[in-house]
Amino acid sequence: MLEQELQIAIAEENYAKAAKIRDSIRNLHEDSVASVIAANAQFYDSFRNGDITAMQTLWSRGDNVCCVHPGSLGISGYELVIDSWNHVWANYEFPLEIELRDVRVHVRGSMGYVTCVELVRTKGSSWGGHFVTNGFEKVDGRWLICIHHASPFDF
């Protein structure tokens with residue numbers, strides 16, 4: 001909506017109004033980027049601690065969500081995705097060590113995603129490396145994860 005108002009203001013050569021709208025768009029974008037970064041941090045906090053209750057609150061509901069754990073096929077649907085975390089965590093001792101590198105955030109409207117290198121180590125193991133894409137959608141004013149895709153790599 002704001003982008004349409006910006007185009008109208010430019011077409012009408014109302015540059016003062018266009019500048020205000022441009023600044024509003026920029027502020028909204030910066031707020032969205034910060035919110036996606038925070039949602040991604042909450043996801044990794046729940047992952048690090050094996051907190052299934054927190055994980056449940058971070059995922060979008062519905063059949064459209066998808067999770068691809070390293071080396072496995074995609075799992076779709078909220079209930080199956082949440083259940084998959086219980087299976088993944090079954091043999092872990094918490095908290096896990098998780099380090100993120102090369103974090104990049106992209107937001108457009110009500111969709112955003114984070115790409116990063118995820119290094120995970122459990123007690124007594126070496127680091128496992130994954131390239132990760134976490135997709136987020138804004139639902140009722142909250143950024144919720146709707147896609148987690150982790151691909152393993154050797155480093």
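Side chains included, hydrogens not; waters and symmetry mates left out as well; all remaining heavy atoms used.
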If every non-hydrogen atom of [X] is compared with every non-hydrogen atom of [Y], which pair is closest and at what distance?
X: Ala150; Y: Pro152; value: O-CD, 3.9 Å
X: Gly129; Y: Leu119; value: CA-CD2, 3.8 Å
X: Phe47; Y: Glu118; value: CE2-OE1, 3.8 Å
X: Val105; Y: Val33; value: CG1-CG1, 4.0 Å
X: Phe43; Y: His148; value: CZ-ND1, 3.5 Å
X: Ile52; Y: Ile82; value: CD1-O, 3.7 Å

So do the side chains of [X] and [Y] get within less than 4.5 Å of each other, counting heavy atoms only?
X: Val103; Y: Val114; result: yes
X: Pro95; Y: Asn49; result: yes
X: Trp127; Y: Val120; result: no

Discussion item. Do Ser151 and His130 pair up side chain to side chain, a donor and an acceptor below 3.5 Å, judged on atom types alone?
Written reply: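 The criterion, which ignores hydrogens and geometry beyond distance, is not satisfied for His130 and Ser151.
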Worksheet item: Is a side-chain donor-acceptor pair under 3.5 Å present for Tyr78 with Gln56?
Response: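 No donor-acceptor contact under 3.5 Å links the two side chains.
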Worksheet entry | Passing candidate, side-chain contact (heavy atoms from CB on, under 4.5 Å) with Tyr113, options His106, Arg108, Glu137 |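 Of His106, Arg108, Glu137, side-chain contact (heavy atoms from CB on, under 4.5 Å) with Tyr113 is met by His106 alone.
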Practice prompt. Verify side-chain contact (heavy atoms from CB on, under 4.5 Å) between Ser84 and Trp89, making sure each step is shown before the conclusion.
Written response: CA-CA 9 Å; Ser84 76; Trp89 292 339; over 6 Å; no
Worksheet item: Same cluster or not: are Leu73 and Leu80 linked, directly or through other Ile, Leu, Val, Met, Phe, Trp or Tyr residues, by side-chain heavy atoms under 4.5 angstrom apart?
Response: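 No.
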Worksheet item: Honestly curious: do Val88 and Ile75 fall in one hydrophobic cluster under the side-chain, below-4.5 Å linking rule?
Response: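 Linked, Val88 and Ile75 end up in one cluster.
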Fill in: Stepwise side-chain contact (heavy atoms from CB on, under 4.5 Å) test for Phe94 and Thr122
CA-CA 8 Å; Phe94 297 97; Thr122 60; over 6 Å; no
Worksheet item: Do the side chain of Ser72 and the main chain of Val68 share a donor and acceptor less than 3.5 angstrom apart?
Response: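 No; judged by distance alone, with no hydrogens or angles, the pair does not exist.
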Item to complete: Answer yes or no: is there a donor N or O on one side and an acceptor on the other, between the side chain of Asn40 and the main chain of Val36, under 3.5 Å?
Response: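 No, because the side chain of Asn40 does not come within donor-acceptor range (under 3.5 Å) of the backbone of Val36.
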With rounding to the nearest 0.5 angstrom, report the [atom1] to [atom2] distance, [X] to [Y].
X: Ser110; Y: Lys138; atom1: OG; atom2: NZ; value: 8.5 Å
X: Ser76; Y: Asp63; atom1: OG; atom2: CG; value: 8.5 Å
X: His149; Y: Ile147; atom1: NE2; atom2: CD1; value: 10.0 Å
X: Phe136; Y: Leu58; atom1: CZ; atom2: CG; value: 8.5 Å
X: Met111; Y: Ser32; atom1: CE; atom2: OG; value: 12.5 Å

Practice prompt. Step by step, work out the side-chain contact (heavy atoms from CB on, under 4.5 Å) result for Asp102 and Cys116.
Written response: CA-CA 5 Å; Asp102 302 324; Cys116 62; 5.8 Å; no
Worksheet entry | Trp85/Cys67 under side-chain contact (heavy atoms from CB on, under 4.5 Å): CA gap, chis, key distance, verdict | CA-CA 9 Å; Trp85 285 101; Cys67 186; 4.1 Å; yes
